[in-house]
Amino acid sequence: MTLPAGVLRALQKLEARGYEAWAVGGCVRDSLRGRRPHDYDLCTAASPAEMREVFADERVLDTGAKHGTLTVLTDSGPVEITAFRIEGAYSDGRRPDEVRFVREVTADLARRDFTVNAIAWHPERGLCDPFGGQADLKNGLLRAVGDPDARFAEDALRILRAVRFAAKTGFTVQRDTARAMRRQRHRLNQIAHERVREELTRLLCGRFVCRALMAFSDVLIEVLPELAPMPGCAQQNPHHLYNVWEHSVLAVGQVPAEPVLRLSALLHDCGKPACKTVDESGVGHFYGHPAVSRVLAEQIVRRLRFSKDEAESVLFLVEHHDRPLGDSDKLIRRRLAQIGEKRFRELLMIKKGDAVGQGTHPEDVAALLETERLLENVLAAEACFSLRQLAVKGNDMIALGLAGPAVGDMLDALLGAVIDGFVPNERNALLFWARDRMEERL
């Protein structure tokens, strides 16, 4: 492991003043896994007041001095430095009511969440790994430090963080740790919605998200109770091999790792259990489920306080995931005119994930691939499908004698005529068509 120059100087500066210091946490974990760390944290025997003295000639940000943390701005970027500490009770299930600064790194590592995050490293002393984190990294195991029930009672978000880490790395959660996660999952209701949203979106974008969602559906449902009926809802339909939860999880894994797409895939069928009917032949049907899914999805995105743009995108994709996109150039142009290229592409990705997740009809996937080919052809041909591309503008309509809403109505009619192939997207042809239409109304 090699520390960036600015981080190394900060560590050496602390030790030159007699304060033991170590690199700790994610930077050590990622380096041991052969990955480049995103940032670097230090821990030290110095108290916050002593840290300020050490770095008196540098810019220091008070990012959590009450709990022992300052941030030093180095030429290698900001470095978060935390005093060795032990913690009191967590009455709010988020932060300790009090902390006590100590001089021993092992005592500090003992209060951390998982063994793989409780490893410290020093450029001369090497690793300090009192809880076997290096072995757990090698074995792909996520284990709580000490008593897992105590760790999750201290900060319940660690439960969701464990699922996120499993989704990101593919690690197996150690048995006792997993049991404690389930015993303590009700504590997630104490966590601020913004913190849940952050962990959830990072979790959904993990490489091993399907495995994590299947293993910890009960944990996810604790923060997304609207999804509770999904795991037990058999589809009983020749178009579906899996139950609603299994199908949705598979769909998540089939769309790109972008928060809006992954969340939309997870929620697209959440309304199915409420809409399920079974006919006399024993076949399940889910009439109207996209609208119900949208209602449930809206509860989720509002509660978790997604941004307006993210919420609108998720709700659109959930509500429209069952609607056809078109199997001809003309229909593709019409849909592009209605929803735009970005929405079209997002909806296409959701529909492909949905089709693969059904596990029954590969021809449905082939049809969507053909839709994608038609889309690319339409775009390559620079076919007109929006008012912005139309060869005439509002001023041209005003020059013809139109005013007010009639201007927009005529432009919409012209665009429809171009998309349907009744008139080419050429200025003179469009003006002639518009005059002719105006004369018909006289």
Side-chain angles (χ1 to χ4, degrees), residues 204-205 207 209-210 235 237-242 246-269 286 289-290 293-294 309-310 312-391 412-426 429-430:
L204 288 175
C205 291
R207 179 182 174 189
V209 60
C210 293
Q235 304 214 55
N237 188 292
H239 292 284
H240 284 276
L241 186 60
Y242 309 103
E246 293 165 340
H247 159 72
S248 299
V249 168
L250 288 170
V252 168
Q254 290 296 319
V255 301
E258 299 172 13
V260 163
L261 294 176
R262 289 276 170 99
L263 183 61
S264 301
L266 182 66
L267 303 182
H268 78 282
D269 276 352
F286 303 92
H289 79 271
S293 295
R294 186 194 189 284
D309 287 346
E310 289 172 326
E312 288 178 351
S313 294
V314 169
L315 297 180
F316 176 87
L317 295 173
V318 168
E319 184 176 7
H320 292 267
H321 76 271
D322 250 9
R323 296 187 182 180
L325 287 171
D327 57 4
S328 69
D329 285 357
K330 183 170 81 171
L331 291 175
I332 296 293
R333 290 196 300 271
R334 278 205 170 278
R335 288 296 273 156
L336 284 169
Q338 293 166 354
I339 65 176
E341 181 185 349
K342 180 176 182 293
R343 282 276 195 271
F344 191 107
R345 289 189 181 278
E346 289 176 337
L347 197 52
L348 182 59
M349 286 185 278
I350 294 296
K351 291 177 76 66
K352 286 195 289 186
D354 189 12
V356 173
Q358 292 174 0
T360 53
H361 292 277
E363 64 272 16
D364 293 342
V365 181
L368 290 167
L369 293 174
E370 174 62 15
T371 297
E372 188 170 29
R373 186 189 69 80
L374 291 172
L375 169 66
E376 300 301 343
N377 287 345
V378 167
L379 295 174
E382 298 183 349
C384 178
F385 56 82
S386 71
L387 292 175
R388 179 177 53 83
Q389 297 170 297
L390 207 59
D412 287 339
L414 287 168
L415 178 61
V418 170
I419 289 173
D420 288 339
F422 295 147
V423 60
N425 187 28
E426 298 170 0
L430 292 170

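Everything numeric in this text was worked out from a predicted model, so none of it was measured. Only heavy atoms go into these numbers, but all of them, side chains included; no hydrogens, no water, no symmetry mates.
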Problem - Working for ring-ring contact (aromatic ring centres under 6.0 Å, His included), residues H289 and H321 - result: CA-CA 10 Å; H289 79 271; H321 76 271; 5.2 Å; yes
Nearest 0.5 Å please: distance from the [atom1] atom of [X] over to the [atom2] atom of [Y].
X	Y	atom1	atom2	answer
D354	D269	CG	CG	5.5 Å
R335	R323	CZ	CZ	7.0 Å
L317	S293	CG	OG	12.5 Å
L369	L374	CG	CG	11.0 Å
T360	N237	OG1	CG	8.0 Å
R333	L415	CZ	CG	10.0 Å

Can you find a heavy atom in the side chain of [X] that is under 4.5 Å from one in the side chain of [Y]?
X	Y	value
Q358	L241	no
L375	L336	yes
F385	V418	no
L261	V252	no
R343	H320	no

Taking all non-hydrogen atoms of both residues into account, name the closest pair between [X] and [Y] and its distance.
X	Y	answer
G253	C210	CA-SG, 3.5 Å
V255	A265	CG2-CB, 4.2 Å
L250	Y242	CD1-CE1, 3.3 Å
G326	I332	O-CD1, 3.6 Å
I350	S264	CD1-CB, 3.9 Å
E258	C205	C-SG, 3.8 Å

Exercise for the section: Please step through side-chain contact (heavy atoms from CB on, under 4.5 Å) for the pair Q254 and M349, ending with a clear verdict. Expected result: CA-CA 8 Å; Q254 290 296 319; M349 286 185 278; over 6 Å; no
Exercise for the section: Enumerate the residue pairs fulfilling salt bridge (Lys or Arg N to Asp or Glu O under 4.0 Å) with a member in residues 312-322, sequence neighbours excluded, ordered by first and then second residue. Expected result: R294-E319
Handout entry: Pairs touching residues 414-424 that satisfy salt bridge (Lys or Arg N to Asp or Glu O under 4.0 Å), sequence neighbours left out
Key = R334-D420
Exercise for the section: For C384 and I419, run side-chain contact (heavy atoms from CB on, under 4.5 Å): C-alpha distance rounded to whole Å, both residues' side-chain angles, the deciding distance at 0.1 Å, then the answer. Expected result: CA-CA 7 Å; C384 178; I419 289 173; 6.0 Å; no
Exercise for the section: Check the pair L348 / L325 against side-chain contact (heavy atoms from CB on, under 4.5 Å), numbers first and verdict last. Expected result: CA-CA 8 Å; L348 182 59; L325 287 171; 3.8 Å; yes
Exercise for the section: Report yes or no: do Q389 and S386 form a side-chain donor-acceptor pair below 3.5 Å? Expected result: yes
Handout entry: D364 and H239: side chain donor to acceptor below 3.5 Å
Key = no
Practice task
Assess whether atom CD of E382 is packed by more than 12 heavy atoms of other residues, nucleotides or ligands within 6.0 Å.
Solution key: no
Problem - Ring centres under 6.0 angstrom apart (H268, H247) - result: yes
Exercise for the section: May I ask you to say whether E376 pairs ionically with R345, meaning some side-chain N is under 4.0 Å from a carboxylate O? Expected result: yes
Practice task
Could you tell me whether E346 and K342 have a side-chain N and a carboxylate O separated by less than 4.0 Å?
Solution key: yes
Handout entry: Expected output: side-chain N425 to main-chain A391 donor-acceptor under 3.5 Å
Key = yes
